[in-house]
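One structure is given below, encoded as structure tokens.
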2 protein chains.
Amino acid sequence: MTVTLDPTDWLILAELQRDGRVPFTELGRRVSLSASAVTERVRRLEAEGVITGYRADVDLAKAGFAVLAVVRLKYPGSRHEPLHRLLGERSEILECLRTTGDDCYTLKVAATSMPHLERLVDELAGFGSTTTSIVYSQTLPYRGPGLRNATPS
Amino acid sequence: MTVTLDPTDWLILAELQRDGRVPFTELGRRVSLSASAVTERVRRLEAEGVITGYRADVDLAKAGFAVLAVVRLKYPGSRHEPLHRLLGERSEILECLRTTGDDCYTLKVAATSMPHLERLVDELAGFGSTTTSIVYSQTLPYRGPGLRNATPS
DNA sequence: GGTTTGGCCGGTAATTCGCCGGTATATTCG
DNA sequence: CGAATATACCGGCGAATTACCGGCCAAACC
């Protein structure tokens, strides 16, 4: 399950999380390795599932989604398929974490306006009671989930 | 501030969020455009700040971070610099949203173990009262923040 | 001590990138 | 209304990068 990673692997991961499109030749330069060696390592990380993919980060506000919100959902039932179906349909739901505690789900949603957010929350409220917080600002903007520059301590 | 995007731009954004390393020639094929035209559009999206970068997605569990948690932080003071400094130092803090409501900050943190998480929460508790929930599972895994396939409605 | 294994290097062919001018359509302005 | 400009697209070219290959070296293993 867990993959053993040496310090060079962590360097590679940090670089690729900072710039997922850096050429292998430049990446090799940064981690003091040849292009072919670094390619081999990246391919191995991909094959082992440590790197699951590469994504472009989008500035949601610039793209027209002015409102970002955290919605906590207290979901009384045990049938989760309808909620999962909604997640697949509503691309405004950016993230969905199922957690311990009183609020079973923590969602991050993007909306173009307050009425838009209201509709989204209403849809979610069909599943259970919701607690919605508007996001003022997001620190570590658009780093996405991941690690930046450290090994597990 | 807001950039106007036509349907082709949305297609490009969706593709790049799904696979940020797709070659421009293949990307052009998928959105029915020539490689040079699609390159021009992507460069424009980058220059306008709609695309803020490209990141590799890492499977945290495979990388040794077995525990994912949501920590809500009630921060009584108004001096936010110390917290922001901590965010920059502790790369286990994956995401930090400042929100309305009783809990000023909502953080997503990764830890290698429960003792590790305990230490992180203790550090955060130095700023205010915390509410921690362990993440069972993450739906929409590794799509990262962003949009998938829809235009703002 | 010989063999095997794993990781790295360098070279080469194929692909892709970055940049160029040229063209067609839409827009603006005289 | 017609001409000039602007915008977006296309194709092609050289440079850079990628993918793939065999060979090398050191550590591990028998």
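All values below come from the heavy atoms of this structure, side chains included, with hydrogens, waters and symmetry mates left out.
Remark: C1' of C:dC8 and CG of A:L27 are 15 Å apart, rounded to the nearest angstrom. Rounded to whole Å, the distance from CG on A:L5 to P on C:dG7 is 12 Å. The distance from atom CD of A:E40 to atom C1' of C:dC9 is 10 Å, rounded to the nearest whole Å. Here D:dT18 presents its C1' atom at 13 Å from OH of A:Y54, a figure rounded to the nearest Å. Summarising the geometry, the separation between CZ on B:R44 and P on D:dC9 is reported as 9 Å, rounded to the nearest angstrom. When the P atom of C:dG7 is taken as reference, atom CG of A:L45 falls 12 Å away, rounded to whole Å. If you measure from atom CD of A:E26 to atom C1' of D:dT18, you get 15 Å, rounded to the nearest angstrom.
Counting only heavy atoms from C-beta outward, the side chains of B:R90 and B:R119 never approach each other to under 4.5 Å.
Using a 3.5 Å distance cut-off with no hydrogens or angles, the side chains of B:R29 and B:T25 do pair a donor with an acceptor.
Among the protein residues, A:S36 comes within range of the nucleic acid bases, having at least one heavy atom under 4.0 Å from a base atom. The residue B:R43 sits close only to the backbone: its heavy atoms come under 4.0 Å of sugar-phosphate atoms, none of a base.
Between A:R41 and C:dC8 there is a side-chain N or O to OP1 or OP2 distance below 4.0 Å.
In this structure, B:Y105 has its ring center closer than 6.0 angstrom to the ring center of B:H80.
Salt bridge A:E48/B:K62: absent, no basic N to carboxylate O contact under 4.0 Å. Here A:D19 does not pair with B:R55 in a salt bridge; the nearest charged N to carboxylate O distance is not below 4.0 Å.
Among the nucleotides C:dC9, D:dA19, C:dT16, the one closest to the side chain of A:S34 is C:dC9. Across D:dT18, C:dC9, C:dT16, the shortest atom-to-atom separation from the side chain of A:F24 is found for D:dT18. You'll find that the side chain of B:P23 is closest to C:dC17, out of C:dC8, C:dC17, D:dA19.
In this structure, A:R21 and A:A35 both approach DNA chain C, and ranking their closest nucleotides by distance from the 5' end singles out A:A35.
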